[in-house]
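As structure tokens, the structure follows; a few thoughts come after it.
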2 protein chains.
Amino acid sequence: MQDLSTSPPQLQSIDKAIVDAILSARIQPGARLNENQLATLFSVSRTRVREAMMRLEARCIVTVSPRRGWFVAEPSAEEARHVYGARRIVEYGLLRSMPALSEADRAALHQHLEEERQAIAAGDRQRLTCLMGDFHIRLAEIAGNPVLREVLRDLTARTILISLLYQSEFHALQSHEGHCAIVTALEAGEPEAAAALAIQHLDEVEEGLDLTRRPDPLADLRRSLQPDLEAGLSSLSSMPFTNHR
Amino acid sequence: MQDLSTSPPQLQSIDKAIVDAILSARIQPGARLNENQLATLFSVSRTRVREAMMRLEARCIVTVSPRRGWFVAEPSAEEARHVYGARRIVEYGLLRSMPALSEADRAALHQHLEEERQAIAAGDRQRLTCLMGDFHIRLAEIAGNPVLREVLRDLTARTILISLLYQSEFHALQSHEGHCAIVTALEAGEPEAAAALAIQHLDEVEEGLDLTRRPDPLADLRRSLQPDLEAGLSSLSSMPFTNHR
DNA sequence: TGGACAAATCTTGCATACAAGACTGGAAAG
DNA sequence: CTTTCCAGTCTTGTATGCAAGATTTGTCCA
């Protein structure tokens with residue numbers, strides 16, 4: 001994503017910037033979104049920031065605590081289950097009804113898988129998180145239904161927040177292999193098989209969550225006080241979103 | 001729905017009022033939503049009206065034409081196909097994974113079907129439109145996934161707009177029988193059959209659309225100048241939403 | 001009579017101002 | 001030393017004001 005502070009304050013760029021920050025895991029669930037700070041950051045008035053927040057709230061991506069502030073959503077364990085349930089249903093149906101892949105589709109998917117491989121090799125976890133979610137959105141794009149694409153885009157954003165809250169361990173390789181299997185099935189002209197694999201894939205990912213643990217209210221404090229293990233990476237994306245409530 | 005002009009200006013009541021008006025077909029696609037009029041109607045300032053519009057825009061229920069105004073969405077024929085495609089996928093998956101009906105669920109569904117019958121008998125088309133959409137939302141509620149319920153709520157609202165734009169003839173009885181069949185299959189403990197019936201039902205409804213005809217830009221003017229055939233009904237719901245652009 | 005131009009009006013886009021609730025820090029009392 | 005209360009500060013909630021673009025209406029000219 002481009003540098004926020006220099007980007008022109010185009011319409012809906014605020015929404016996009018925040019969603020992008022979530023999709024690439026540069027912004028944590030529960031992070032405070034201060035209206036004034038965002039306004040100065042985007043060189044607009046609070047009015048437009050608030051409008052963006054309203055839109056994002058309608059998409060369950062941020063929540064408002066009255067007279068206290070806006071926060072990136074922190075899906076509950078129950079909500080997490082529902083989001084995965086919804087994804088299973090949507091992606092199953094999507095893949096099952098998938099038309100035969102065009103040459104361009106195949107190339108795009110292979111390109112994507114290649115990027116996943118590179119991110120794994122480089123150990124670039126932020127990029128990986130982004131790619132892992134994007135894979136499913138690309139499938140929706142190929143399926144050619146923009147309505148479901150929008151639905152999946154929001155579900156993916158929420159999924160990433162869920163991962164950040166509950167993921168005990170991230171089996172990047174396993175997920176990548178799941179994606180490969182889905183692509184292979186699609187190429188073989190077996191959408192039913194691809195759909196079944198998608199369910200299996202989502203099951204595996206959900207399996208990797210620890211939905212019993214309550215979100216740690218001290219998480220961001222803990223992170224801040226710990227020696228910065230990924231200093232090189234995180235300093236690259238110096239987002240001014242504060243995580244401290 | 002309660003009378004708009006006397007309802008307290010609670011939070012998000014504006015959103016709900018407009019969505020309700022759409023769900024009960026008391027407001028036409030393409031209808032202008034004047035900020036000032038809505039503000040005075042709800043006894044609030046334009047600020048809150050605009051916030052509501054932003055939320056509804058994020059849900060594809062209203063659109064904004066820059067510096068011209070807000071309008072209830074007029075889904076294109078292509079969008080209509082995508083909405084139905086999305087509904088097929090979501091509802092198929094939803095019903096397929098439906099748990100066994102509890103006694104309360106059964107009662108609620110039968111109650112709903114009974115209301116449909118009454119509306120048909122009474123020839124109350126507005127109420128029928130509302131009930132026809134509500135049936136599918138209730139299924140999502142029984143399925144117990146609030147995420148998909150929200151998705152279906154918005155898809156239903158868009159479906160109603162589509163019907164108002166493209167429906168050549170409304171086979172109320174056919175739709176009702178489709179609903180009955182679905183309920184019967186669910187009661188028989190055959191969610192797969194219910195899912196298949198839902199697809200068939202949606203196919204039938206989409207079949208009843210004439211997606212070739214372009215929306216008539218003079219439709220509302222035409223309506224206004226024609227002798228009011230349903231004067232008794234439409235005068236009951238004297239919504240101040242203007243349909244004239 | 002028809003068309004083009006221009007003024008007037010209306011409506012939204014955006015910023016700003018003020019009010020009200022929530023939080024913080026410190027002082028005072030037990 | 002702990003707890004409670006209160007003032008100060010910060011942040012959001014809401015209204016309002018002004019500017020800019022769009023539409024409409026009325027007039028003038030060919």
Side-chain angles (χ1 to χ4, degrees), chain A residues 4-5 7-18 27 30-58 61-74 217-218 220-221 224 240-245, chain B residues 4-5 7-18 27 30-58 60-74 217-218 220-221 224 239-245:
Chain A
L4 284 183
S5 54
S7 66
Q10 287 172 350
L11 206 68
Q12 293 205 345
S13 71
I14 304 172
D15 309 41
K16 195 173 180 326
I18 291 174
I27 183 175
R32 185 193 193 96
L33 298 170
N34 185 295
E35 290 184 4
N36 281 314
Q37 288 178 15
L38 288 172
T40 57
L41 182 62
F42 287 99
S43 310
V44 296
S45 76
R46 275 181 51 220
T47 305
R48 292 189 55 188
V49 173
R50 280 182 67 79
E51 288 173 351
M53 292 296 129
M54 301 283 170
R55 282 189 291 262
L56 292 176
E57 189 190 20
I61 288 174
V62 308
T63 58
V64 61
S65 177
R67 301 229 180 244
R68 287 196 51 238
W70 297 92
F71 301 92
V72 175
E74 291 182 287
L218 300 178
D220 19 303
L221 188 55
S224 305
F241 295 119
T242 68
N243 284 334
H244 315 290
R245 301 227 203 167
Chain B
L4 284 183
S5 53
S7 65
Q10 286 172 351
L11 207 67
Q12 292 206 343
S13 70
I14 303 173
D15 308 43
K16 195 172 180 325
I18 291 174
I27 184 174
R32 185 192 195 96
L33 298 170
N34 184 295
E35 290 183 4
N36 279 314
Q37 289 179 15
L38 289 172
T40 57
L41 182 62
F42 287 99
S43 310
V44 296
S45 77
R46 275 179 52 221
T47 305
R48 292 188 55 188
V49 173
R50 280 181 67 78
E51 288 172 350
M53 291 296 128
M54 301 282 171
R55 282 189 291 263
L56 292 176
E57 189 189 21
C60 297
I61 288 173
V62 308
T63 58
V64 62
S65 178
R67 298 218 180 255
R68 287 193 53 239
W70 298 92
F71 302 93
V72 175
E74 291 181 287
L218 299 177
D220 20 302
L221 189 55
S224 304
M239 292 281 288
F241 295 120
T242 69
N243 284 334
H244 316 291
R245 303 229 204 164

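These values consider heavy atoms only, across backbone and side chains, with no hydrogens, waters or symmetry-generated copies. Keep in mind the model is a prediction, meaning the values are calculated, not measured. Order of the sequence lines sets the chain letters (A, B, ...), proteins ahead of strands, with each chain counted from 1.
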Please state how far atom CZ in B/Phe71 lies from atom P in D/dA22, giving the value in whole angstrom units.
13 Å
Closest approach of B/Ala17 to B/Phe42 (non-hydrogen atoms, all atoms of both residues):
CB-CZ, 3.7 Å
Nearest heavy-atom approach of A/Met53 to A/Val62 is O-CG2, 3.7 Å
Once you round it to whole Å, what is the distance between C1' of D/dT12 and CD of B/Glu51?
11 Å
Smallest separation among heavy atoms of B/Asp15 and B/Ala52, with atom names:
OD1-CB, 3.3 Å
Would you kindly give the CE-to-P distance between B/Met54 and C/dC14, to the nearest whole Å?
8 Å
How long is the span from the CZ atom in A/Arg50 to the CD1 atom in A/Ile14, to the nearest 0.5 Å?
12.5 Å
In terms of heavy-atom contacts, B/Ile27 and B/Ala31 come closest through CG1-CB, 4.0 Å
Nucleotide by nucleotide, 5' to 3', does protein get under 4.0 Å of the base (B), only the sugar-phosphate (S), or neither (-) in nucleotides 16-22 of chain C, counting heavy atoms?
BB--BSS
Phosphate oxygens OP1/OP2 of C/dC10: is one of them under 4.0 Å from a side-chain N or O of B/Asn36?
no
Separation between CD1 of B/Ile61 and CD1 of B/Ile18, rounded to the nearest 0.5 Å
9.5 Å
Could you give the CE-to-P distance, from B/Met53 to C/dT11, as a whole number of Å?
15 Å
Can you check the B/Gln37 CD to C/dT12 P distance for me, whole Å?
9 Å
Whole-Å distance separating the CZ atom of B/Arg48 from the C1' atom of D/dT12
13 Å
Gap between atoms CD and P, on B/Glu35 and D/dG21 respectively (whole Å):
17 Å
